[in-house]
Amino acid sequence: MRKWRLRRGITALALALLALPAVPGTALAEPSYPFRDPHLPVDARVDDLLGRLTLDEKISWLHQYQPAVPRLGIGLFKTGTEALHGVAWSTDIDNNGAVVKARGTVFPQPVGMASTWNTDLVQRVGSAVGDEARGYHAQNPRVWGLNLWAPVVNLLRDPRWGRNEEGYSEDPMLTGAISTAYGSGMTGGDPDHLKSAPTLKHYLAYNNEVRRDVTSSNVPPRVLNEYDRAAFKPAIAADAATGMMAAYNLVNGRPATVDPDLDTVVRGWTDQSLMHVTDAWAPNNLVNSQKYYPTQAEANAAIIKAGLSSFITDDTNAQPTVTAIKQALASGLITERDIDARIRDILNIRFRLGEFDPGGGRYGSITPDVINSPQHQRLARQAAGEAMVLLKNSRQALPLDPARNRKVAVLGPLADTLYSDWYGGDLPYQVTALDGIRERLGAAASVDGLDGADRIALKDPATGRYVTATGTTDADPVAASGETASLAAQFDVVDWGQDVVTLRNAANGRYLGYNWGPFVTRDEQPNGWYVQQQFKLEPQADGTVVLRYVGYETKESWFAAEKYVTVGDDGALKLGASTPDDATHFSRELVSSGIDRAVAAARAADTAVLVVGSNPFINGREAHDRSSTALSAGQEALVKAVTTANPRTVLVLQTSYPVTINWEQEHVPAVVWTTHAGAETGHAIADVLFGDRNPSGRLTQTWYRSDRQLPPDLLEYDIITSGQTYLYSNAKPLYPFGHGLSYTRFRYGELRTAAQSVAADGTVRVSVDVTNVGARAGSEVVQLYTHQRTSRDRTPIQQLKAFERVELRPGQTRTVTLRVPAADLAHWDVTRSRWVVESSTYDLMVGASAGDIRARASVRVRGETIPARDLARPTRAENFDRYAGVRLVDETKVRGTAVGATEAGQWISFAGSALRPDARTFTAMVAKAGAGAGAIQVRLGSPTGRLLGTATVPSTGDDYRYVSTSAELARVAGNHDVYLVFDSALRLADFSIR
């Protein structure tokens, strides 16, 4: 296909050049350049423009800010506008790279959008985002580029991941479907004419924030192929994305920034060109924190060789990147041909975006009028409504009857506020839960709002002075200067969990923050990269409290030891102590109890609506994982008190992730979950609570009962061995994957299969009748799961393979037909490094969630039987069946994965290996950086089973210097489980027994 396109392009280009007027002694007029002819194939136009660029110009385009080329009439092109759930922000090259926030339509956080299970809706959202990106681009193309960094496709493997809000699901199939829908909306659906150019983030196996640039994700081949790669492939294969952003982390010992997958595996998923980019500052990490290459020239050469085209580093300063690449060229590390390959990828995207077409191409006429248009506001309200999940509804507590609920108390820290997040734009307007409920009930109703926060005053006993706000600018330091506990000396305390609180001044409504000193009350909300509005009030034995500053920069190694607040001689607060003993001990005076006020309001109301949850800037976000899934103690205490005071309490959870709410599930009559869903959140909440919208959202993650149901280590990426996600976990969850209730009920009929057996290249087709047996119209998400009964390998307990949303009137029946290509039942065969559909009976389970299966059937698939391992062939060590202790590591800096042992007793095993009677020699490629010899024992049946022989591993002095070693083995024949047991730190790339 690519060769045919190239031949066609060369022919067209030649004809175009022949047609150009030859005017001796004159320069070619800009409009006549063949690359500006929209009638030529893209490849031909790319060839023409590439041939006109100088080497220096091409090198300069490898930085994020691709400079203008005035002699060709080409302007600046910038890669990267954040657009995760709406256009969010970009950076301004004309203002030292300052962040410029968007004020357009903000849709629900991605985990919320995915909770709609509505690909048509998500595609419409993506299209709206693409339109608004075009609108901003029309305003200022130097700030708002059309290469959008979204969606995030990393799987939500562990709900403690700080960036949970950015992803879609723990399931690769659902993630692929939603990301494809969002991406296709952003592109416009025509890969040859792009509305915008979405870039998938972050390849690959990236689910931890702590030390993310130096941690390595241990991903065995089955997890790599069946789980992590499987989430990224659909959008690329559907041409719904134009490239990847490489992740910060290492994968199996190699930095993802130089992952060879990007230029091999990923490009094999599509015939379109792809423009891959680094993450911010990641090129420098290769030399600095990761110490993977000794020089930036070597690092940049490796990035180019790995298939990445855009270096996102050094902010707006391209010079370090350019200098290093020129050094790499001079040293022979790369050639101009390597650079040309990367520039071709860039040009392909720029041409498809219409940059060089008259009027900007197909989408060049989109104007800023689309930004936050009424149409997009309506779409945002629909998306926010469909994203909401009804978790519990006992005794028909919901929907609320407007006629019977004329007095409503809307309570909790999120009752009358909306939060954006790091990858969300500024909200152009806000409809809070309180606003939405007031609007729904009208002026005649009584709707009161309280946040339930304790109001306190802090007094310095040494002076008798109160901590007091003096203004709202950087020049207004907070000081222990107040003679009385005036309003300016009062602060509302909100508990966000793990003892972290915010302190909002009662007089000016601004949050106490550090601002690198002095402390000020400047900010309307916690925000910024280093969220500096976080504190802990630590009780002391003498009855006082000390104020510990826990802004995010305190987690950095360079932050000073002084993290406790003291009062200076001038009364101003400062960080002056490293221990509580040396901190100022404040007396904490309770001005009013938030719970007492909330309880009084709840008792006086027909219904209490509690809105609690998370702050996206505090409870986990980029660079900061969560340490627990628990709801904050203060918010849980509020829920318990209000529910006890008024049994007609409805709980609205507004969080970016699953939360442990066991007490609430047992005692609160109705529980609804929503993400931070943008400006229309309050309308959506009111729509659902009062039944104007029948909730249809479904969970895309398992909600666990406690942290104990999760692995102790967030860095455990091997979901198969560790039993993670609904695919492999045997834990009984609080709410299962796919869970979500409705105000109506759905009955499922018998599950019918089109055939009792299918071939491996056939299609499994099932049908089920679904009937709305309730009194309201509603939408059901019919989910099809499969389970393979017999296999050589451990397979998922159940796995989502298809789904369909159906809207049904009361009494209506629809036949839902779901199709699954038998090829989708394949798993990765580690014995032959390829996909395999095994002959087996497959259970087919259809229902309302992974925990609510309504009908079952089975089908026999005529596939193949995985043969016994033939260890006489060279066998990659990474293709083990089981392991203990070892890590997967980079075989070389360029490619390949080896097994790395770190201490004695670690092992790998190869099940069902056919050993020939004459197999007497074990041969292996090994490396050992440390001094002294090591050894690999070959055993049968277990790590302590029969010893067949021991191979000596000599010191090679380098992890990447491999030598061959061998050992004579005792005679054995037949099928056995072979164990390789290591006695020390060493590496094994491959081996054979013959």
Side-chain angles (χ1 to χ4, degrees), residues 385 388-412 415 433 436-437 440-441 445-447 598-599 601-613 631 635-636 638-654 659-674 684-699 703 705 732-736 738-748 771-781 808 810-811 847-849 851-852 854:
M388 294 184 67
V389 181
L390 181 60
L391 297 175
K392 178 188 178 182
N393 192 22
S394 64
R395 301 186 300 278
Q396 296 182 321
L398 289 177
L400 300 175
D401 184 348
R404 296 182 179 180
N405 290 276
R406 305 306 294 163
K407 190 168 186 178
V408 177
V410 186
L411 311 169
I437 293 171
R440 177 62 179 82
L441 290 179
S446 173
V447 181
V599 164
R603 283 177 177 158
D606 299 322
T607 294
V609 177
L610 267 170
V611 191
V612 302
L631 185 65
Q635 293 190 41
E636 186 163 69
L638 177 66
V639 174
K640 289 179 178 179
V642 169
T643 303
T644 301
N646 187 339
R648 299 174 303 282
T649 291
V650 174
L651 178 64
V652 177
L653 268 177
Q654 190 173 4
V659 180
T660 302
I661 52 167
N662 295 296
W663 188 94
E664 291 77 4
Q665 167 60 24
E666 183 178 352
H667 294 94
V668 181
V671 184
V672 175
W673 173 73
T674 177
I685 289 173
D687 289 344
V688 168
L689 294 187
F690 289 97
D692 300 318
R693 177 179 297 280
N694 194 342
S696 60
R698 302 292 185 266
L699 298 180
W703 284 45
R705 293 180 179 273
K732 183 180 179 181
L734 180 64
Y735 305 117
H739 172 74
L741 305 177
S742 171
Y743 293 153
T744 190
R745 294 177 295 112
F746 300 97
R747 184 179 65 220
Y748 286 65
T771 303
N772 183 345
V773 295
R776 290 174 176 264
S779 296
E780 173 70 322
V781 179
L808 298 172
S849 76
D852 185 8
R854 305 289 186 87

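Note that the structure is predicted; figures quoted are calculated from it, not measured. No hydrogens, no waters, no symmetry mates; every other heavy atom, side chains included, goes into these values.
Under a 3.5 Å cut-off, the side chain of S394 and the backbone N or O of P669 do form a donor-acceptor pair. At distances below 3.5 Å, at least one donor-acceptor pair connects side-chain atoms of N694 with backbone N or O atoms of A777. Side-chain N or O atoms of S849 include one that pairs as donor or acceptor with a backbone N or O of G851 at under 3.5 Å. Although no hydrogens or angles enter the test, the distance criterion places a donor-acceptor pair under 3.5 Å between the side chain of R705 and the main chain of K732. The backbone N or O of K640 lies less than 3.5 Å from no partner atom in the side chain of T643, so there is not a single donor-acceptor pair. Of the possible donor and acceptor atoms, none in the side chain of H739 sits under 3.5 Å from a partner among the backbone N and O of R698. Without hydrogens or angle criteria, Y743 side chain to V688 main chain gives a donor-acceptor distance under 3.5 Å. For the pair D687 (side chain) and D692 (backbone), a donor-acceptor distance under 3.5 Å is absent. Here the side chain of R440 pairs no donor or acceptor atom with the backbone of I685 at under 3.5 angstrom.
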Side chain to side chain contact (heavy atoms under 4.5 Å, CB included) between T660 and W703, worked out: CA-CA 7 Å; T660 302; W703 284 45; over 6 Å; no
Check step by step if side chain to side chain contact (heavy atoms under 4.5 Å, CB included) holds for R603 and N646. CA-CA 6 Å; R603 283 177 177 158; N646 187 339; 5.8 Å; no
As a quick check of understanding, evaluate side chain to side chain contact (heavy atoms under 4.5 Å, CB included) for V672 and L391, giving each step before the final call. CA-CA 6 Å; V672 175; L391 297 175; over 6 Å; no
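With values rounded to the nearest 0.5 angstrom, S779 atom OG is found 9.5 Å from N772 atom CG. The CG atom of L699 sits 6.5 Å away from atom CH2 of W673, with the distance rounded to the nearest 0.5 Å. Rounded to the nearest 0.5 Å, atoms OG1 (T771) and CZ (F746) are 10.0 Å apart. A distance of 7.5 Å separates CD in E664 from CG in L653, rounded to the nearest 0.5 Å. In this structure, the separation between CZ on R395 and CZ on R648 is 11.5 Å, given to the nearest 0.5 Å.
For D401, the side-chain hydrogen bond (donor to acceptor under 3.5 Å, both in side chains) test picks out no residue, with sequence neighbours left out.
If you run side chain to side chain contact (heavy atoms under 4.5 Å, CB included) between I661 and each of V671, V612, V668, V639, only V671 comes through. Tested against K407 for a side chain to side chain contact (heavy atoms under 4.5 Å, CB included), the candidates L441, D606, T607 yield a single pass: D606.
Between A602 and A608, the shortest heavy-atom contact is CB-CB, 4.0 Å. Of all the heavy atoms in I437 and V410, the pair that sits closest is CD1-CG2, 3.8 Å. Scanning both residues, G613 and Q635, for their nearest heavy atoms gives N-OE1, 2.8 Å. Taking all atoms of both residues into account, the shortest heavy-atom contact from A670 to A397 is CB-CB, 3.9 Å. Of all the heavy atoms in A598 and L411, the pair that sits closest is O-CD1, 3.6 Å. Nearest heavy-atom pair, V609 versus V652, reported as atom, atom and distance to 0.1 Å: CG1-CG2, 4.0 Å.
Between R745 and E780 no salt bridge is recorded (no basic side-chain N to carboxylate O distance below 4.0 Å).
Side-chain contact annotation: Y735 with Q665, donor-acceptor N/O pair under 3.5 Å present.
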